[in-house]
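Quick notes on the structure that follows.
Heavy atoms only: backbone and side chains are in, while hydrogens, waters and symmetry mates are out. Note that this is a predicted model, so its numbers are computed, not measured. Both counts, for ligands and for their atoms, begin at 1 and track the order of listing.
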Amino acid sequence: MKLVDSHAHLDMAKFDADREAVIERARAAGLVAIITIGVDRASSRRAVELATEYEMVYAAVGVHPHDAKTLDSDTLAELRDLARQPQVVAVGEIGLDYYRDLSPRDVQRRAFQAQLAWAAKLGKPVIIHDREAHADVMAQLSQWAAPLADSPLAGRLGVLHTFSGDLEMAERAIELGFYLSISGPVTYRKAGRLVEIVKALPLDRLLVETDCPFLTPEPHRGQRNEPAYVRFVTERIAALRGMAFGELAAATTANAQRLFQLEAPDGRLAA
Ligand SMILES: [Zn+2]
């Protein structure tokens, strides 16, 4: 059995005391890869360091919509440099967050657009954060996707992480060439429409993630989240779909490998 945690924040201070043990527990739980995600300049740098230090860790670099106001040309230049490392498999997390509005919305939209353009040039998929900004996110993604239809990124444009839209949006995103990633909330008693969505999604477009240290799944809700707990998310989705856990684990792992090309270019994925 192999699992991939497609979205973790291993750089965060909550892991400072026991990061090594956290990664070891992930390995023991069957994980073969963890994508650790940058949210600003410093955490992107740290994500790449962690991916260099630990064989099973890969990195994504980018500026989160919360920090959009920090995306100046200096930062973008450093992100560009970082992204040349082979262990950087995506640009992210980027997107729009109209729930917390920690950066002005027009600033968020500009930062999102700039990083989408850069990802296309770089030829790497994007990891999208969308909170209460579905219409604007989809508008930008549709526009971005159109000229990429014949590029090597076609069909693997990126992932909408901790997907929170409706089924119609899920279908539209898949049509554009995106994957959808599901995290801890699917295990909650009030999972709402997420239940219908995970049942309906095509198996070859589904990823699992923890978003740790946040969004801890049951039965550990209330504690710190960590990559090993991606197992509980996977188990819940398998149960909802009436599938064997191993079958869903294999499918989501193959999807992550395909989207992020985890076996290329340096073949580090422990097969
Ligand atoms: Zn995140």
Original post:
salt bridge (charged side-chain N to carboxylate O under 4.0 Å, His left out) between Glu235 and Arg231: does it pass, once the steps are laid out?
Top reply: CA-CA 6 Å; Glu235 276 173 356; Arg231 172 186 194 103; 3.0 Å; yes
Subject >> Sphere of radius 2.8 Å around the Zn ion (ligand 1) - protein N, O or S atoms inside >> reply: His7 NE2, His9 NE2, Glu93 OE2, Asp211 OD1
Subject >> Residues which pass salt bridge (Lys or Arg N to Asp or Glu O under 4.0 Å) with Asp101, listed by chain and number, not counting sequence neighbours >> reply: Arg105
Original post:
Side-chain donor-acceptor pair under 3.5 Å between Thr70 and Asp40, yes or no?
Top reply: no
Original post:
Cut-off 3.5 Å, side chains only: do Glu226 and Thr210 have a donor facing an acceptor?
Top reply: no
**OP:** Give a yes or no on whether Asp106 atom CG has more than 12 heavy-atom contacts from other residues, nucleotides or ligands under 6.0 Å away.
**Re:** yes
Original post:
Any luck finding a side-chain donor-acceptor pair between Thr252 and Asn255 under 3.5 Å?
Top reply: no
